[in-house]
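Contents: one structure, followed by commentary.
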Amino acid sequence: MFLAWKEIRYAKMKFLLITGIITLITSLVLSISGLANGLSVDNASAIKNLSAENYIVEKSDPHQLERSNMTATDIATIKGGSPLGVKMVEMTHKGEAVNVSLFALDPNSPFMPDAEERVKLAPYDVLADPGLKKEGYEPGDSFTYQGKTWTIRSFTEKRFSYGHTPAMFTSMETWKDLRGDDLTYQALLFTNKEGVNTPSKLDAASKDDILSNVPGFSAEQGSLKMTVIFLLIISAIVLATFFYVMTLQKLHQYGVLKAIGAKAGILLRALFLQISILAALGILAGNTLTYGLSQLIPGDVPFELSSGMILLNSGLILVMAWIGSLLSFRSIMKVDPLEAIGGVK
């Protein structure tokens with residue numbers, strides 16, 4: 001620790017540059033992760049946060065809720081479960097069009113989301129995604145769709161968005177009245193599907209299956225996750241290059257230390273601690289920078305960072321820094337004290 005900290009204090013600008021690079025890498029990784037998580041929430045949080053773990057849907061190759069159509073007869077052939085109706089609609093609020101995803105559930109089912117304020121849903125009342133609060137909507141605000149007035153009674157505790165549109169939850173009574181003679185459902189929800197006999201025209205799907213088939217979800221998340229992975233790999237290469245060059249510049253110093261009796265293990269621990277200190281400072285500064293930038297991002301940009309995601313990415317960057325130091329470790333182990341001292345002029 002003495003050797004590590006002493007050198008950092010001596011060559012401040014050099015180590016400040018490395019810390020700055022780690023800061024920028026951390027901020028970039030966290031920013032892209034926040035964008036990926038924000039797009040995930042904006043696109044599929046209605047499925048993620050719904051308590052159902054298994055779905056019975058119309059048999060098809062992609063299990064997309066909006067493409068599934070189940071009749072009342074289909075629902076009646078399966079015991080248990082709770083019907084789900086889904087429809088993407090365009091409502092009107094004060095003359096302006098508002099795109100929403102309408103979800104219909106039995107208010108007494110365990111799958112109805114918890115509301116910020118406990119309310120009873122009358123016909124054409126809805127629980128709305130709290131993301132609408134950012135747009136200025138409040139309980140009591142009304143919308144017009146198909147000649148009916150829809151009223152926000154409360155907001156859900158968690159985010160519920162589907163297809164990049166805010167979700168609104170209404171009662172099954174409203175759904176039946178809305179659909180009329182064309183009454184269909186999109187799924188039958190279960191906490192588990194054990195013991196459920198599924199007819200041949202229907203299919204059982206897990207939450208993960210439904211989630212991966214939300215339009216655009218897999219493509220968005222796959223692209224952004226690959227970007228983060230490449231960033232982490234690039235960060236390991238960049239840091240390895242910096243640490244290796246620094247080690248080469250100090251080979252004669254390591255040679256002198258070895259000549260006076262310092263063991264290779266002590267030198268390796270000093271370098272490891274030095275890299276850990278620089279990485280920790282850079283990661284802390286990167287987190288601070290990302291938090292500051294997140295406050296400047298417009299509200300309509302989907303960006304969300306959780307504490308778990310911050311810890312995960314910070315830990316990965318620290319590991320990349322350790323991996324990048326392995327090349328420097330090899331140089332220290334191979335340095336010959338006589339050759340290193342002889343190279344000093």
Side-chain angles (χ1 to χ4, degrees), residues 38-50 55 57-58 60 62-71 83-107 111-113 115-116 119 121-156 158-187 210-211 213-217 219-220 298-304:
L39 286 170
S40 172
V41 169
D42 201 50
N43 195 12
S45 57
I47 304 300
K48 278 186 171 183
N49 293 331
L50 207 62
Y55 295 70
V57 294
E58 185 181 20
S60 63
H63 291 145
Q64 292 184 1
L65 285 182
E66 62 274 18
R67 292 188 181 183
S68 174
N69 286 291
M70 300 168 61
T71 64
L84 169 69
V86 179
K87 185 176 178 63
M88 302 186 78
V89 301
E90 183 180 277
M91 295 184 173
T92 304
H93 175 73
K94 296 181 179 179
E96 295 184 0
V98 181
N99 292 313
V100 302
S101 297
L102 192 62
F103 281 67
L105 283 166
D106 180 356
F111 306 111
M112 181 63 81
E116 292 180 345
V119 293
L121 295 180
Y124 297 96
D125 285 350
V126 297
L127 297 178
D129 171 29
L132 287 171
K133 286 183 178 180
K134 297 180 180 179
E135 300 178 26
Y137 293 98
E138 299 177 351
D141 286 348
S142 60
F143 300 81
T144 302
Y145 173 65
Q146 288 194 354
K148 303 289 186 179
T149 300
W150 303 69
T151 306
I152 297 177
R153 286 303 174 201
S154 183
F155 292 97
T156 56
K158 297 181 179 179
R159 284 294 312 274
F160 284 89
S161 182
Y162 185 79
H164 297 294
T165 60
M168 289 186 176
F169 289 84
T170 189
S171 65
M172 195 54 67
E173 180 184 359
T174 303
W175 181 257
K176 291 177 181 178
D177 186 64
L178 176 69
R179 301 293 294 183
D181 295 333
D182 187 29
L183 179 60
T184 58
Y185 305 91
Q186 276 55 63
I210 297 294
L211 192 61
N213 282 289
V214 173
F217 180 81
E220 287 177 354
D300 56 348
V301 176
F303 185 90
E304 288 199 22

Arg67-Ser60 side chain donor-acceptor pair, cut-off 3.5 Å: no
Any side-chain heavy-atom pair of Gln64 and Val214 under 4.5 Å: no
Pair Tyr162 and Phe103, ring centroids less than 6.0 Å apart: yes
Over 12 non-hydrogen atoms of neighbours within 6.0 angstrom of NZ in Lys176: no
Test side chain to side chain contact (heavy atoms under 4.5 Å, CB included) applied to Asn99 and Met88, step by step: CA-CA 7 Å; Asn99 292 313; Met88 302 186 78; over 6 Å; no
Modelled atom types, side-chain donor and acceptor of His63 and Asn213, under 3.5 Å: no
4.5 Å side-chain heavy-atom contact, Leu121 and Thr170: no
Student check: side-chain heavy atoms of Thr174 and Lys148 closer than 4.5 Å: no
Min side-chain heavy-atom separation Pro130-Thr156 under 4.5 Å: yes
Within-4.5 Å side-chain heavy-atom neighbours: Trp175 and Leu183: yes
From CG (Leu178) to OG (Ser171), nearest 0.5 Å: 10.5 Å
Distance, nearest 0.5 Å, that separates OG of Ser45 from CG of Asp129: 6.0 Å
Check: Gln186 side chain, Val86 main-chain N or O, donor-acceptor pair, under 3.5 Å: yes
The single option from Phe169, Phe111, Phe155 passing ring pair (Phe, Tyr, Trp, His ring centres under 6.0 Å) against Phe160: Phe169
Lys133 with Glu116: basic N within carboxylate O range, under 4.0 Å: yes
Short side-chain to backbone donor-acceptor contact, Asn43 and Pro215, under 3.5 Å: yes
Side-chain (Thr184) to main-chain (Asn69) donor-acceptor, under 3.5 angstrom: no
Side-chain heavy-atom pair Thr165, Val98 within 4.5 angstrom cut-off: no
Between CD on residue Glu220 and OG on residue Ser40, distance to nearest 0.5 Å: 8.5 Å
Trace of the side chain to side chain contact (heavy atoms under 4.5 Å, CB included) decision for Val41 with Asn49: CA-CA 9 Å; Val41 169; Asn49 293 331; over 6 Å; no
Backbone of Asp125 reached by a side-chain donor or acceptor of Thr151 within 3.5 Å: no
Interatomic spacing from CD in Glu58 to OH in Tyr185 - rounded to 0.5 Å: 15.5 Å
Note, Arg153 side chain near Val126 side chain (heavy atom, < 4.5 Å): no
Ring center gap for Trp150 and Phe143 short of 6.0 angstrom: no
Candidate pair His93 and Tyr137, rule side chain to side chain contact (heavy atoms under 4.5 Å, CB included), full reasoning: CA-CA 10 Å; His93 175 73; Tyr137 293 98; 3.3 Å; yes
Validation row: Tyr124, Tyr145 side chains within 4.5 angstrom (heavy atoms): no
Qualifying residue for side-chain contact (heavy atoms from CB on, under 4.5 Å) with Val100, from Met168, Lys87, Glu90: Met168
Between CG on residue Leu132 and CD1 on residue Ile152, distance to nearest 0.5 Å: 5.5 Å
